[in-house]
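In each ligand, atom 1 is the first atom listed, and ligand 1 is the first ligand listed. Quantities reported herein were computed from a predicted structural model and do not represent experimental measurements. Residue indices begin at 1 and follow the sequence shown.
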Amino acid sequence: MAGSTLSLLFIILIVNQIAAATNPSSEGLSYNFYDKTCPHVEDIVRAVLASVFASDPTSPAALLRLMFHDCQVQGCDGSILIESLPSKPLEMAASKNFGIRKREAINLIKSRIEVECPGQVSCADILVLAAREAVAISGGPSIQVPLGRRDSPFSASSESADASLPSADIGVDDALGLFAKLGMTAEEAVAILGAHTLGITHCLNVMDRLYKSYGERAGEINPKFEAVLKVTCPQWMALTQNTSFVFNDPSTFHFDNLYFKNAMAGQGVLRIDAELPLHPKTTSIVQQFGADQDHFFQAFGSAFVKLSFAGVLTGTQGVIRNVCSVGI
Ligand code: HEM
Ligand SMILES: *[C@@H]1O[C@H](CO)[C@@H](O)[C@H](O)[C@H]1NC(C)=O
């Protein structure tokens, strides 16, 4: 009896070791990283965001996308927060960062944290925690994320940011390839794209899709839905295409699986949203997520954690920036 309990324990230990070893990118991160140096960090993030979210219900979407765009360019290192100078266009000046909002919310959280635990908590970790809160407050899963990321002292150039971020008209194969680089399975890649259950897309990013001839256009589009999109984003509206926008799914403030049902009904906004239900590698995954929200939430949680491991700086790498908007 005691022997079998012991060997079970032994097996569990081995399995844990293997899990840790096959996940090299998470090395240096831990679930109790700030227990001694800033024990209330997660509470502070949550408290500041409660007021940010109350005053602007569109901010959870903005913060979730902000994390993706930080992590995709030189890793989850807080570099997207660094202000460009007119003489030196940085990440934020990249055209694919069009529509990125709410970076000031991270500055606000950081300033509160600096009062309680100066010089301890990275902007990179705050950004990941803010995205995690954004998902939870919108009705999505509560995701535990390991912490201990450090900040890059500098931002990428706008050119390299544009080279690393996906274009608005990326298709399924390229998107699966992009997320496979972060260690995601096809199921996790589809799940992370379920982030488009929140927020908006500016007309700028759908004009090509709407006004290309039918033969060239990828992904199905329901004719009624197409008509609605064209009313919001008319072809001649070049001047306002950067300010007019459409909802990514009808429940734009709710993190739910409607995104998948909506995509199956031919109402995906971007090419990727429209193609996911049609592509042989992703059809059945979209159907499963559409039928079972818990399944989506569970896959989203593991995908989110993998995204949060992208190119992290840990240990003695990088720095802890005092002000998130300023490089060193
Ligand atoms: C193949 C990958 C992806 C592509 C091509 C893509 C593209 C886009 C585009 C073009 C927009 C509209 C931006 C605008 O017009 O303001 C958008 C919005 C958004 N994306 Fe993605 N995205 C991708 C993956 C992701 C991932 C991985 C996440 C999060 C983990 C994400 C979260 C969001 C959110 C929340 C919005 C709404 C933002 C807002 O309301 O301000 N996206 N995406
Ligand atoms: C709209 O935004 C894009 C991308 O940032 C930019 O290149 C373009 O000049 C803007 N157009 C207008 C009319 O402001």
Side-chain angles (χ1 to χ4, degrees), residues 56-73 76 84 89 92-103 105 127-128 130-132 134-135 137-138 140-141 143 145 158 161-162 164-182 184 186 188-209 218-219 229 232-233 236-249 251-255 259 268-276 279 282 299-308 310:
D56 179 359
T58 72
S59 47
L63 291 173
L64 181 55
R65 181 169 183 241
L66 183 62
M67 173 190 164
F68 173 49
H69 281 222
D70 185 38
C71 294
Q72 189 58 30
V73 179
C76 309
S84 279
M92 251 321 277
S95 62
K96 286 177 188 158
N97 277 328
F98 173 80
I100 286 286
R101 312 176 284 129
K102 290 292 158 186
R103 295 184 307 151
L127 220 163
V128 168
R132 185 277 294 272
V135 171
I137 195 120
S138 308
I143 306 165
V145 280
S158 59
D162 268 329
S164 303
L165 290 164
S167 10
D169 68 349
I170 194 175
V172 169
D173 285 316
D174 288 338
L176 290 180
L178 184 140
F179 293 117
K181 284 193 194 144
L182 303 180
M184 291 190 204
E188 287 168 327
V190 174
I192 203 71
L193 284 163
H196 288 171
T197 180
L198 295 180
I200 59 160
T201 292
H202 288 86
C203 290
L204 170 76
N205 285 314
V206 287
M207 294 310 261
D208 282 353
R209 181 156 186 258
L229 287 183
T232 312
C233 306
W236 45 267
M237 223 171 53
L239 272 176
T240 53
Q241 64 177 4
N242 289 5
T243 48
S244 302
F245 58 83
V246 296
F247 291 149
N248 287 340
D249 86 4
S251 62
T252 180
F253 301 127
H254 290 119
F255 195 101
Y259 166 78
V269 173
L270 297 168
R271 174 181 170 191
I272 187 71
D273 307 325
E275 272 190 8
L276 280 181
H279 193 285
T282 51
F300 184 86
S302 69
F304 183 97
V305 170
K306 285 186 181 174
L307 176 60
S308 84

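Taking every heavy atom of Ala195 and a limit of under 4.0 angstrom, the matching atoms of ligand 1 come to 28 (C), 29 (C), 30 (C), 31 (C), 32 (C), 35 (C). Atom numbering of ligand 1 starts at 1 in the shown order; those under 4.0 Å from a heavy atom of Ala168 are 10 (C). Of all atoms in ligand 1, listed by their number and element, those nearer than 4.0 Å to a heavy atom of Arg101 are 39 (C), 40 (O), 41 (O). Near Gly199, with a cut-off below 4.0 Å to any heavy atom, the atoms of ligand 1 are 37 (C), 40 (O).
Of the protein's heavy atoms, Thr201 OG1, 3.5 Å lies nearest to atom 12 (C) of ligand 1. Given atom 4 (C) of ligand 1, the protein heavy atom at minimum distance is Pro166 CG, 4.0 Å. Ranking protein heavy atoms by distance to atom 24 (C) of ligand 1, first place goes to Phe68 CE2, 3.3 Å. Of all protein heavy atoms, the one closest to atom 5 (O) of ligand 2 is Phe98 CD1, 3.7 Å. In this structure, the protein non-hydrogen atom closest to atom 11 (N) of ligand 2 is Asn242 ND2, 2.8 Å. In this structure, atom 35 (C) of ligand 1 lies nearest to the protein heavy atom Ala61 O, 3.2 Å. Protein heavy atom at the shortest distance from atom 13 (C) of ligand 2 is Ala238 O, 3.9 Å. For atom 18 (C) of ligand 1, the closest heavy atom belonging to the protein is Arg65 CD, 3.6 Å. For atom 16 (O) of ligand 1, the nearest protein heavy atom (residue, atom name, distance) is His202 ND1, 2.7 Å.
Looking at His196 next to ligand 1, an N or O pair under 3.5 Å apart turns up. Among the atoms of Ser95, none of the N or O lies under 3.5 angstrom from an N or O of ligand 2. Note: no N/O pair closer than 3.5 Å links Thr58 and ligand 1 by distance alone. Ligand 1 has a nitrogen or oxygen under 3.5 angstrom from a nitrogen or oxygen of Ile200.
Side chain to side chain, Asn248 and Tyr259 fail the donor-acceptor criterion of an N or O pair below 3.5 Å. Side-chain N/O atoms of Ser308 and Arg132 include no donor and acceptor closer than 3.5 Å.
When heavy-atom distances to ligand 1 are checked against a 4.0 Å cut-off, Met67 has no atom that comes that close, whether in backbone or side chain. When non-hydrogen atoms are compared, ligand 1 lies under 4.0 Å from the backbone of Ser167 (N, CA, C, O) but not from its side chain. Only side-chain heavy atoms of Leu270 come within less than 4.0 Å of ligand 1; its backbone N, CA, C and O stay farther off. Here Asn205 has side-chain heavy atoms under 4.0 Å from ligand 1, and that is the only part of it that gets that close. Here Leu204 has no heavy atoms under 4.0 Å from ligand 1, in either its backbone or its side chain. With a 4.0 Å heavy-atom cut-off, ligand 1 is reached by the side chain of Ile170 but not by its N, CA, C or O. Only side-chain heavy atoms of Phe179 come within less than 4.0 Å of ligand 1; its backbone N, CA, C and O stay farther off. If you look at Asn248 next to ligand 1, the close heavy atoms, those under 4.0 Å, all belong to the side chain.
Here the CD1-CG distance, from Ile100 to Leu63, works out to 9.5 Å after rounding to the nearest 0.5 Å.
Residue Ile272 is tested with Thr282, Asp169, Val172 for a side chain to side chain contact (heavy atoms under 4.5 Å, CB included); the sole match is Val172. Tested against Cys71, the residues Leu127, Leu307, Leu66, Leu182 include a single side chain to side chain contact (heavy atoms under 4.5 Å, CB included) partner, Leu307.
The aromatic rings of Phe68 and Phe179 are tilted relative to each other, their planes meeting at an angle between 30° and 60°.
The nearest protein heavy atom to atom 7 (O) of ligand 2 is not closer than 4.0 Å.
A distance-only check finds no donor-acceptor pair linking the side chain of Lys102 to the backbone of Ala62 [under 3.5 Å]. Panel note: side chain Glu275, backbone Gly171; no donor-acceptor pair is recorded below 3.5 Å. Judged purely by atom type and a 3.5 angstrom limit, Thr243 uses its side chain to pair as donor or acceptor with the backbone of Thr240. The backbone N or O of Thr58 lies less than 3.5 Å from a partner atom in the side chain of Arg101, making a donor-acceptor pair.
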What's the verdict on side-chain contact (heavy atoms from CB on, under 4.5 Å) for Ile192 and Phe300, showing C-alpha distance, side-chain angles and the deciding distance?
CA-CA 5 Å; Ile192 203 71; Phe300 184 86; 3.8 Å; yes

Output, in order, the C-alpha distance, side-chain angles, deciding distance and verdict of side-chain contact (heavy atoms from CB on, under 4.5 Å) for His202 and Asn242.
CA-CA 6 Å; His202 288 86; Asn242 289 5; 5.7 Å; no

Decide side-chain contact (heavy atoms from CB on, under 4.5 Å) for Cys233 and Gln241; before the verdict, give the C-alpha distance in whole Å, the side-chain angles of both, and the deciding distance to 0.1 Å.
CA-CA 7 Å; Cys233 306; Gln241 64 177 4; over 6 Å; no

Quick one: do Asp208 and Arg271 satisfy side-chain contact (heavy atoms from CB on, under 4.5 Å)? Show the steps, please.
CA-CA 10 Å; Asp208 282 353; Arg271 174 181 170 191; over 6 Å; no

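Counting non-hydrogen atoms of other residues, nucleotides and ligands closer than 6.0 Å to NE2 of His254 gives a total of 12 or fewer.
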